[in-house]
Amino acid sequence: MATPAFLAIVGRLPALARILHRRQLLGMILALAAGVALTPAPAAAQGRTAPPAELKQITNDLYFFYEFSGSNAVFMVTDEGVLVIDTRTHPRHGQALLDMIRKVTDKPIKWVINSHFHGDHHFGNAPFKAAGATFVAQAETARIMQHVQPKEMARRIDGFKNLGLDPNEVKLILADVTFDTNMTIKLGGREVRLMYFGPGQQAGDTFVAIPHARALFTPGAFGKRSMPNMAFTPSVDSWVKLLEQVAAMDVDRILPAHGDVATRADVKELAAMLADEYATVKDAVAKGLSVDDAIKTLTFPQYKDWRNYNRLAGEIRALYELIQTGKRSYLD
Ligand SMILES: [Zn+2]
């Protein structure tokens, strides 16, 4: 929590402000403790212990909420108000995020960006709607969010029940504003740039550059050393290409939708892994290997330490569907 940047900033403040910040820090710790109680623990089920959720201060105005076992969010605080990227998995998670923001600032919540259609990134929208935010999403994200809402709910309902969360509290909050390829939001003398490079993990994947912080938010298309979900992409080639494009951008920090803060080298590594996995499975299809035999023989041991390696069979099956039929049945 007390990142070097945070401590450096605190160190420069007068005594009174320092006390205030310590109080805010204590508030954040309390809020985080409350948030952790709502957190699922899939990593523990895999025999590992998930690190506790953590709010990282990236610059004096930019915060990264990192939750290994759930999903991440980012918020930027300005004199005019707050901009939020993604709202977590359930309205109660969204409320916990809003409470964290309120420990830092009482400025109005002006903007919420939903980075992609997966419910674990926008089912927390409702408290931000109540707070008066304007919602923005790429046009394809907005369309698919609406189209697959019942499926997105269905695949999370057991998780909600295990956590004692009421699925009926989830409300679909759609974008007020959509964009196709680029959009710039100016707020309090800062600007953020929303970018769509074409489909990655899915159509609508939105990247958000925060130039003054030399930071880039990445949607589901990137996770450091994380085996990608292959059920939604219409084109692995497009996905690899956009990751290579992102890896070449002039930024210092990658703030991903899942996993910890990363670097451009991590993005490049994922691009190479994706290209490798895709080429290997394409080759198996070309050789006439059945999907069940492919699952038995293609074990990709070089990625056994990556997150979600245990989902490999499902990913091979999803790639077979894409290569053999061109279809994405989840999106039907
Ligand atoms: Zn997700």
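Counting from 1, the numbers follow the sequence of the chain as shown. Each ligand, and each atom within it, is numbered from 1 in the order the structure gives.
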N/O/S atom of H118 inside 2.8 Å of the Zn ion (ligand 1), strictly under = no
inquiry  = Ring of Y63, cation from K56 - is the NZ or CZ under 6.0 Å from the centre and inside 45° of the axis?
reply    = no
ask   = What N/O/S atom of D120 is the closest to the Zn ion (ligand 1)?
value = OD2
key: H121 near the Zn ion (ligand 1): N/O/S under 2.8 Å   = yes
query = Looking at F217, is R253 sitting on its ring face, NZ or CZ under 6.0 Å from the six-membered ring centre and within 45 degrees of the normal?
reply = no
query = Below 6.0 angstrom between ring centroids: does that apply to F232 and F117?
reply = yes
Among D120, N308, N72, side chain to side chain donor-acceptor pair (under 3.5 Å) partner for H258 = D120
